[in-house]
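These numbers come from a predicted model, not from an experiment. In the text below, chain A, chain B and the rest are named by the order of the sequence lines, each starting its count at 1.
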There are 2 protein chains.
Amino acid sequence: MKSKKRTTIYDIAEKLNIAPSSVSRALNNSSYVKESTKKLILQTAEELNYKMNSLASNLRKGQSKTIGVIVPRINQNFFANVIAGIEDASYKQGYNLIICQSNELYEKEVQCVNTLINQNVDCIVISISVETINYQHLKNILDHHIELIQFDRVADELETLKVINDTLQASYEAVNHLINQGYKRIALLEGPQSLNIFRQRKEGYLQALKKHNIPIIDELMLENAWTKELGAQATRQLLSLPNPPDAIFASTSDFSALGVLEVATAMNIKVPSQLGICGYSNEDFTEITSPSITTIDQFSVDMGKTIANLYFEEMNNSNVSATPKTISIKPKLITRSSTQRSAE
Amino acid sequence: MKSKKRTTIYDIAEKLNIAPSSVSRALNNSSYVKESTKKLILQTAEELNYKMNSLASNLRKGQSKTIGVIVPRINQNFFANVIAGIEDASYKQGYNLIICQSNELYEKEVQCVNTLINQNVDCIVISISVETINYQHLKNILDHHIELIQFDRVADELETLKVINDTLQASYEAVNHLINQGYKRIALLEGPQSLNIFRQRKEGYLQALKKHNIPIIDELMLENAWTKELGAQATRQLLSLPNPPDAIFASTSDFSALGVLEVATAMNIKVPSQLGICGYSNEDFTEITSPSITTIDQFSVDMGKTIANLYFEEMNNSNVSATPKTISIKPKLITRSSTQRSAE
DNA sequence: CTGAAAGCGCTTACAG
DNA sequence: CTGAAAGCGCTTACAG
């Protein structure tokens, strides 16, 4: 490799005095090449340090062997894990990942979609931003005959492949657990209701209360408490009520639950005896706070693998079904000290 | 969009009865097109829901506007943050990221490199796996005239662009801090010495001890303690010595430091009065353990931005310098309760 | 089993 | 300002 130019199949063909088409066939391990020439070609390719140009190959073949992934934030545990899972499964099939982050902005999400369409990806995997309420850009993906898989935060009304958590059920079980531990006034920290996952978590909360004939109290349900700071703020508000809650379900995230715990600790309120706390996501830190925090595991890496494998299955399965498949993964309630009154 | 085929510039050209080359020029905002025709073309492109085929464009232009990133694990806080930073800065320049994870395996790392060369990426950003001691695959990147930027875990002897932390200095300061807090027997949990960053952290430790005329004791330096479990195991070993350490510097990671803390707590050893603990990386959880853990912040998101911007600068700066640039980011010691004897 | 030719969808000298 | 033509590096019918 002295020249500025990369070795191409033409260089190999020239050196061996054969047709480029034969080189291509040999490199693709076609059976329509004599074993001896194939060996010769492979050896020469090695010698010349040949690397195939996937751009050219993909352009010609009309596919890119590339999956585009759009998430709100790459560096958020749940999404990083999902991406790691997708990468792992895709890699095994010879597929590459192009990653974009929307930063929770609708405008950037639209731009990401356009970029990925330009890049000719075979499939787009997306978890929508909190701002996204218009789905034209997602429809546009379908119009370009690119497979679309939504996960976790999905647009329900759009008929696409979906991989989700049964988050309503998980939420129901979490609240049920709190009730079983003897908590009577359970508050809910909600996420933005524009996202279906947060609507479902609220619904699970409501269903559990109804099931046990516990009255639903508006002042115990606070919106938009999905960061540590907002969770802390909401907690201060809740605990200063004339009739404060004896448990708080931070349905948005463990970060929010952490905010709750910190405020409670600062106010010298005993967890779990005076206040029960349940989070969502099973972040690493929930295990090591004192007390440790009850939460819900989403099996994020598995979710990523499931997403990739769903695509590969669908690709081979050409009989297009009327309603695209939805795979629901059952999350798991992890009970820890922050809600275990009975263990005290 | 009824047909299976995507709209191309030929479709637009045909509809408008002009040459494809003019369409291309208009779409690329060339000044060599009449304003009125440009407007017409743009409008028609919109109508036909045209998306340009980047594969074709990039093939023709001989660049891909794509940066390949190889990290040991995508879902590790530090790397996820670096990637987020790279993505952010790249996106602003119209570049895309192809992400691979080596899973700490040399073989997979080599495959990742080959894939990225095939994909014609313009630049490869890599933090090598713990197994990597042969750098032929990295040299191969350079042979293909692809820009190579190493970060954090770098092969020192390879002359490439590098973005690193001044980890020796950070380590030195951490140990210095421990000494200033009155700790006399400071143990070191080392990472695999095949990686330069762990060699440097050890060197920082040694230098700090020498500076203060503290004897270096072999039994206080334990290799390969870079997970929580290994950190815990090493701690048990250290604390059962006839003459145990009064501080442990988990130079490998905060996870290791967490292992130390958990063992100490279980053994009823008071932190920081009986045992000082310092970690590395400033993981989120270090702030919320009890006591909170002293650690070192690496400014990971900024590191990612620095990496991307270094590439863009080099690209525009065609005067190739003899020795490629190395950017060193100074990490910051975050002192917390786990080492603050004076604060007690 | 092998080769000549066309084409994937663009861009870019070149000519006018 | 516009068009005709060549070419980026491959793959794949087609013919032999």
Side-chain angles (χ1 to χ4, degrees), chain A residues 3-42 44-45 48-66 117-122 144-145, chain B residues 3-42 44-45 48-66 94 117-122 144-146:
Chain A
S3 76
K4 260 288 179 201
K5 234 178 108 294
R6 285 169 61 145
T7 306
T8 71
I9 55 170
Y10 289 95
D11 300 322
I12 298 174
E14 198 176 353
K15 178 150 186 192
L16 259 34
N17 223 334
I18 54 177
S21 42
S22 291
V23 176
S24 172
R25 280 189 277 258
L27 259 18
N28 287 295
N29 206 15
S30 151
S31 54
Y32 297 103
V33 195
K34 220 197 301 176
E35 265 309 317
S36 59
T37 35
K38 187 187 286 187
K39 198 168 285 175
L40 202 60
I41 290 167
L42 258 32
T44 311
L48 299 178
N49 199 5
Y50 170 80
K51 300 280 174 203
M52 97 130 147
N53 184 327
S54 301
L55 289 191
S57 168
N58 293 335
L59 173 61
R60 180 52 232 262
K61 291 200 284 194
Q63 53 153 45
S64 64
K65 287 229 167 201
T66 299
I117 295 177
N118 288 352
Q119 287 290 333
N120 245 6
V121 297
D122 295 337
H144 283 272
H145 308 102
Chain B
S3 76
K4 261 284 176 201
K5 236 180 105 293
R6 285 169 60 147
T7 305
T8 71
I9 54 170
Y10 289 94
D11 299 322
I12 298 173
E14 198 176 350
K15 177 148 186 192
L16 259 35
N17 225 333
I18 54 177
S21 42
S22 291
V23 177
S24 172
R25 281 189 277 256
L27 259 19
N28 287 295
N29 206 14
S30 151
S31 53
Y32 296 104
V33 194
K34 217 197 302 172
E35 264 312 315
S36 60
T37 35
K38 187 187 287 188
K39 198 168 287 179
L40 203 57
I41 290 168
L42 259 29
T44 310
L48 298 178
N49 199 6
Y50 169 80
K51 299 282 174 199
M52 98 132 145
N53 184 327
S54 301
L55 291 190
S57 167
N58 293 335
L59 173 61
R60 180 53 229 262
K61 291 199 282 194
Q63 54 153 43
S64 64
K65 287 229 168 199
T66 298
I117 295 177
N118 289 351
Q119 287 290 334
N120 245 3
V121 296
D122 295 336
H144 284 272
H145 309 102
I146 295 171

Can you tabulate the close N/O pairs, meaning under 3.5 Å, that link protein atoms to atoms of nucleotides 6-9 of chain D?
unit_1, atom_1, unit_2, atom_2, d
D:dG7, N2, B:Arg60, NH1, 3.2
D:dC8, O2, B:Arg60, N, 3.4
D:dG9, N2, A:Ala56, O, 3.2

Just checking B:Ser54: base, sugar-phosphate only, or nothing, at a heavy-atom cut-off of under 4.0 Å? nothing
Could you pull out all donor-acceptor pairs under 3.5 Å where a side-chain atom in residues 15-22 of chain A meets a protein atom, sequence neighbours excluded?
unit_1, atom_1, unit_2, atom_2, d
A:Lys15, NZ, A:Glu47, OE1, 3.3

Measure the distance from NZ on A:Lys65 to P on D:dC10 and round it to the nearest whole Å. 17 Å
Sequence neighbours excluded, which residues qualify as side chain to side chain donor-acceptor pair (under 3.5 Å) partners of A:Lys65? none
Looking only at heavy atoms, what is the nearest atom pair of A:Thr7 and A:Tyr50, with distance? O-CD1, 3.3 Å
Apply side chain to side chain contact (heavy atoms under 4.5 Å, CB included) to residues B:Asp122 and B:Thr66 and explain how you reach the verdict. CA-CA 6 Å; B:Asp122 295 336; B:Thr66 298; 5.7 Å; no
Roughly how far, to the nearest 0.5 Å, is OG of B:Ser24 from CE of B:Met52? 9.0 Å
Which residues, if any, of residues 12-28 of chain A bring a heavy atom under 4.0 Å of DNA chain D? A:Ser21, A:Ser24, A:Arg25, A:Asn28
Got a sec, which residues hit side-chain contact (heavy atoms from CB on, under 4.5 Å) with B:Lys39, two or more places apart in sequence or on another chain? none
Partners of B:Lys38 by salt bridge (charged side-chain N to carboxylate O under 4.0 Å, His left out), sequence neighbours excluded? B:Glu35
Do A:Asp11 side-chain atoms and A:Thr8 backbone N/O form a donor-acceptor pair below 3.5 Å? yes
In which stems does DNA chain C show up, taking only runs of three or more Watson-Crick or G-U wobble pairs whose two distances fall under 3.5 Å? C:1-3 with D:14-16, C:5-12 with D:5-12, C:14-16 with D:1-3
Atom OH of A:Tyr32 and atom P of C:dC1: how far apart are they, to the nearest Å? 10 Å
State, to 0.1 Å, how close A:Gln119 and B:Asn58 come at their nearest heavy-atom pair, and which atoms those are. NE2-ND2, 4.4 Å
Which residues pass the side-chain contact (heavy atoms from CB on, under 4.5 Å) test with B:Asn53, not counting sequence neighbours? A:Leu59, A:Asn120, B:Leu55, B:Ala56
